[in-house]
Amino acid sequence: MRLSRYFLPVLKETPSEAKIVSHRYMLRAGLIKQASAGIYSWLPMGFKILRKLENIVHQEQQRAGHIPMLMPTLQTADLWRESGRYDAYGPEMLRMKDRHERDMLFSPTAEEMFTDVFRSNVTSYKDLPLTLYQIQWKFRDEIRPRFGVMRGREFFMKDGYNFDLTKEDALHAYNRHLVSYLRTYERMGLQAIPMRADSGPIGGDYTHEFLVLAETGESEVFYDSQITDLTFGDREIDYDDVAQCQAVLEEFTSRYARTDETHVEDEFTAQVPEDRRRVARGIEVGQIFYFGTQYSDKMGAMVTDENGVRVPVHMGSHGIGVSRLLGAIIEASHDDKGIIWPEGVTPFHCGIVNLKPGVAEADEACDALYKSITALGLEPLLDDRKDSAGAKFATMDLIGLPWRITVGPRGLKNGVVEVTCRRTGESEEMTPEMAVGKIARIYGPHVGADLTQPMPQRAFHTWM
RNA sequence: CGAGACGUAGCGCAGUGGUAGCGCGUCUGCUUUGGGAGCAGAAGGUCGCGUGUUCAAAUCACGCCGUCUCGACCA
């Protein structure tokens with residue numbers, strides 16, 4: 001993309017309503033514009049990042065064998081009356097009437113919808129296990145939205161629902177989600193720690209929240225410092241291997257890690273040596289639940305087991321706050337000049353700054369770099385505007401592309417361009433060909449090779 | 001929802017009863033160009049909305065709406 005043809009309304013000054021760094025930088029970098037309290041328009045570059053995050057979530061969910069679909073945002077009250085949540089939910093649920101005076105709502109979550117789809121189509125244990133999910137806009141009418149997209153009213157969220165014959169099977173689904181979530185966050189350049197969480201009104205003993213450590217986090221967290229040494233890396237995972245998924249869960253959840261909701265100081269001090277005890281703040285970016293037959297009982301989601309007995313299915317639900325992740329990533333990765341995007345989610349893979357647009361050799365060198373990088377399957381952002389060097393660098397630093405190639409007559413005279421790492425600020429001069437090679441090597445692990453396959457041994461009879 | 005603050009140009013702000021301002025940004029032209037350049041010119045405002053007080057309201061009073069902060073609540 002050429003900046004002269006893009007739409008990137010950056011701000012030099014910070015709008016006064018933005019209090020935390022991610023909100024300030026999202027506004028200044030031209031990612032979002034507030035439409036009303038807790039509701040945002042996604043400007044082109046913000047939308048691009050949102051789509052990147054969405055794609056990563058899709059890929060990792062499908063790799064785990066989970067099946068994507070899409071539910072309506074506007075739903076009638078009927079199903080919600082069936083589960084009892086229409087009355088239980090309170091004013092957080094945005095309610096409205098259609099022209100026929102029917103009670104409608106903007107979905108804040110979708111247990112009822114998914115359970116209804118399941119019960120209408122699945123009747124035998126042979127069709128299990130099954131995990132359906134969506135990535136869709138949700139609405140919760142928060143009393144006081146704040147912190148930009150970190151706590152909006154409208155938010156983009158992945159929500160998935162597993163349907164299993166037994167509790168053991170459902171717990172495997174729980175583990176599978178934990179593993180896939182660890183992979184997902186790590187691809188986004190985040191370390192998200194699974195912490196024992198409060199199940200809240202949804203009930204059930206099995207629930208973990210995933211928290212990204214950040215000073216501005218909404219939750220206080222207590223953990224064993226050994227946890228932050230754990231990484232998922234590129235280990236091979238067979239999502240159908242029950243023991244393997246269980247082992248990962250144990251590896252990542254055996255040490256003390258809790259939010260303030262479940263923290264018990266005595267257990268903390270008993271289990272963790274003093275030099276490894278950490279108290280910090282965290283941003284919640286996901287949560288997994290096993291809740292048993294709560295919804296299947298109420299809504300009649302039953303299957304016939306191998307003895308011919310109709311039994312309610314065991315369920316769980318699992319969420320990732322996709323729009324919130326933009327804020328979380330920025331909170332975890334920025335400096336005083338702006339955002340620093342991890343390579344896995346950056347809106348453009350590298351910036352090319354033409355210091356002298358209009359000068360033939362600079363224009364030609366930039367065009368050649370642009371074409372070579374595009375040919376690698378990568379997207380460069382070329383700043384070809386006639387503006388001062390300082391202004392261009394400031395914009396590039398603000399929007400946070402992890403790599404920048406600076407092209408000017410001074411360097412070209414010696415046959416070199418400058419490659420700068422946004423994170424470290426280190427620059428290196430090299431030929432344009434070497435610069436392209438460097439960018440190619442950096443992004444090698446992040447492009448291509450994203451194979452996704454559903455679980456091989458399951459055949460669902462209405463799945464076409 | 002309780003308490004508090006604030007709504008004036010795209011953004012940041014000044015203007016406390018007498019013709020609507022400043023900085024940044026934007027646009028035009030020229031000169032510039034290795035870390036948010038210079039000169040000249042220009043565009044851009046129902047002063048959140050309504051009612052009232054007054055000869056006169058951005059300014060005072062009342063009501064409403066919106067936004068933000070702290071708390072409670074939440075992904």
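Every chain is numbered from 1 and lettered A, B, ... according to where its sequence line falls, protein lines coming before strand lines.
- Judged by Watson-Crick or G-U wobble contacts below 3.5 Å, the nucleotide B:G63 has B:C49 as its partner.
- The same atom, C1', is picked in B:G38 and in B:G48; the two are 39 Å apart, to the nearest Å.
- B:U53 and B:A57 have their P atoms separated by 11 Å, given to the nearest Å.
- Within the 4.0 angstrom heavy-atom criterion, no nucleotide atom of any strand lies near A:Gly321.
- Aromatic ring pairs are classed by plane angle as parallel below 30°, tilted from 30° to 60° and perpendicular above 60°; the pair A:His177 and A:His318 is parallel.
- Pair check for B:A56 finds none; no Watson-Crick or G-U wobble contact set falls under 3.5 Å.
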task: Please report the C-alpha distance between A:Asp367 and A:Arg2 in whole Å, then the side-chain angles of each, then the deciding distance to 0.1 Å, and finally whether the salt bridge (charged side-chain N to carboxylate O under 4.0 Å, His left out) criterion is met.
output: CA-CA 10 Å; A:Asp367 284 347; A:Arg2 288 167 189 275; 3.0 Å; yes
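- Among the nucleotides B:A72, B:G36, B:C68, the one closest to any side-chain atom of A:Lys19 is B:C68.
- With a cut-off of 3.5 Å on both Watson-Crick or G-U wobble distances, the partner of B:C73 is given as none.
- As rounded to the nearest Å, B:U8 and B:C1 have P atoms that lie 24 Å from one another.
- Put simply, A:Arg151 has no side-chain N or O that comes within less than 4.0 Å of OP1 or OP2 on B:C73.
- At a cut-off of 3.5 angstrom, counting only N and O atoms as typed in the model, there is a donor on one side and an acceptor on the other between the side-chain of A:Arg404 and the base of B:G35.
- Pairing for B:U28 is with B:A40, a Watson-Crick or G-U wobble pair whose two hydrogen-bonding atom distances lie under 3.5 Å.
- Taking atom P in both B:U67 and B:U28, one finds a spacing of 35 Å when rounded to whole Å.
- Rounded to whole Å, the distance from CD on A:Glu418 to P on B:G35 is 10 Å.
- Dashed line: the shortest gap from a side-chain N or O of A:Ser388 to OP1 or OP2 of B:A37 is under 4.0 Å.
- Among the atoms of the strands shown, none is found under 4.0 Å from any heavy atom of A:Glu209.
- Taking atom CZ on A:Phe393 and atom P on B:A37, their separation rounds to 12 Å, with Å as the unit.
- At a threshold of 4.5 Å between non-hydrogen side-chain atoms, the residues A:Phe147 and A:His23 do not count as touching.
- The side chain of A:Arg144 contributes no N or O atom lying less than 4.0 Å from OP1 or OP2 of B:A72.
- In this structure, A:Gly411 reaches the bases: a heavy-atom distance under 4.0 Å links it to at least one base atom across the strands shown.
- Searching all strands for a Watson-Crick or G-U wobble partner of B:C68 with both distances below 3.5 Å returns B:G4.
- Taking the P atom of each, B:C11 and B:C30 are spaced 31 Å apart, rounded to whole Å.
- A:Lys392 comes within 4.0 angstrom of no nucleic acid atom, judged by non-hydrogen atoms across all strands.
- A distance of 15.5 Å separates OH in A:Tyr25 from CG in A:Leu326, rounded to the nearest 0.5 Å.
- Contact annotation: the side chain of A:Arg404 approaches that of A:Glu418 to within less than 4.5 Å [non-hydrogen atoms, C-beta and beyond].
- Base contact: A:Glu13 has a heavy atom under 4.0 Å from a base atom.
- Take the nearest nucleotide of RNA chain B for A:Gly286 and for A:Leu355: the residue whose nucleotide is more 5' is A:Leu355.
- B:G21 and B:C47: their P atoms are spaced 14 Å apart (whole Å).
- A donor-acceptor contact shorter than 3.5 Å is absent between the side chain of A:Arg196 and the backbone of A:Thr207.
- Using bins of under 30°, 30° to 60° and over 60° for the plane-to-plane angle, the ring pair A:His208/A:Tyr174 lands in the tilted bin.
- To the nearest whole angstrom, the two C1' atoms, one in B:A43 and one in B:G7, are 25 Å apart.
- For B:U19, there is no paired nucleotide, since no Watson-Crick or G-U wobble pair has both relevant distances below 3.5 Å.
- Atom CZ of A:Arg422 and atom C1' of B:G35 are 12 Å apart (whole Å).
- The shortest distance between the side-chain N/O atoms of A:Ser16 and the OP1/OP2 oxygens of B:G12 is below 4.0 Å.
- Counting non-hydrogen atoms under 4.0 angstrom, A:Arg385 reaches nothing in the nucleic acid.
- The distance between atom CZ of A:Arg153 and atom P of B:C1, rounded to the nearest whole Å, is 12 Å.
- Among the heavy atoms of the strands lying under 4.0 Å from A:Thr406 is at least one base atom, whether or not backbone atoms are also near.
- Atom C1' of nucleotide B:C13 and atom CD of A:Glu17 are separated by 15 Å, given to the nearest angstrom.
- Protein atom NZ of A:Lys386 is 10 Å distant from nucleotide atom P of B:G29, rounded to whole Å.
- Comparing B:G36, B:U69, B:C24 against the side chain of A:Leu398 picks out B:G36 as the nearest.
- The residue among A:Ala35 and A:Arg324 whose nearest nucleotide of RNA chain B lies closer to the 5′ end is A:Ala35.
- Note on A:Lys12: a side-chain N or O is less than 4.0 Å away from OP1 or OP2 of B:G25.
- As a whole-Å value, the separation of A:Leu27 CG from B:U67 P is 15 Å.
- Between B:C65 and B:G50, the distance separating the two C1' atoms is 10 Å to the nearest Å.
- Ring pair A:Phe348/A:Tyr6 is perpendicular by interplanar angle, where above 60° counts as perpendicular and below 30° as parallel.
- A:Thr14 comes within contact range of the sugar-phosphate backbone alone, with a heavy-atom separation under 4.0 Å but no base atom that close.
- Residues A:Cys245 and A:His172 meet the side-chain proximity criterion, which asks for heavy atoms closer than 4.5 Å.
- The side chain of A:Gln34 contributes no N or O atom lying less than 4.0 Å from OP1 or OP2 of B:G66.
- Atoms CD1 (A:Ile143) and C1' (B:C68) sit 16 Å apart, rounded to a whole Å.
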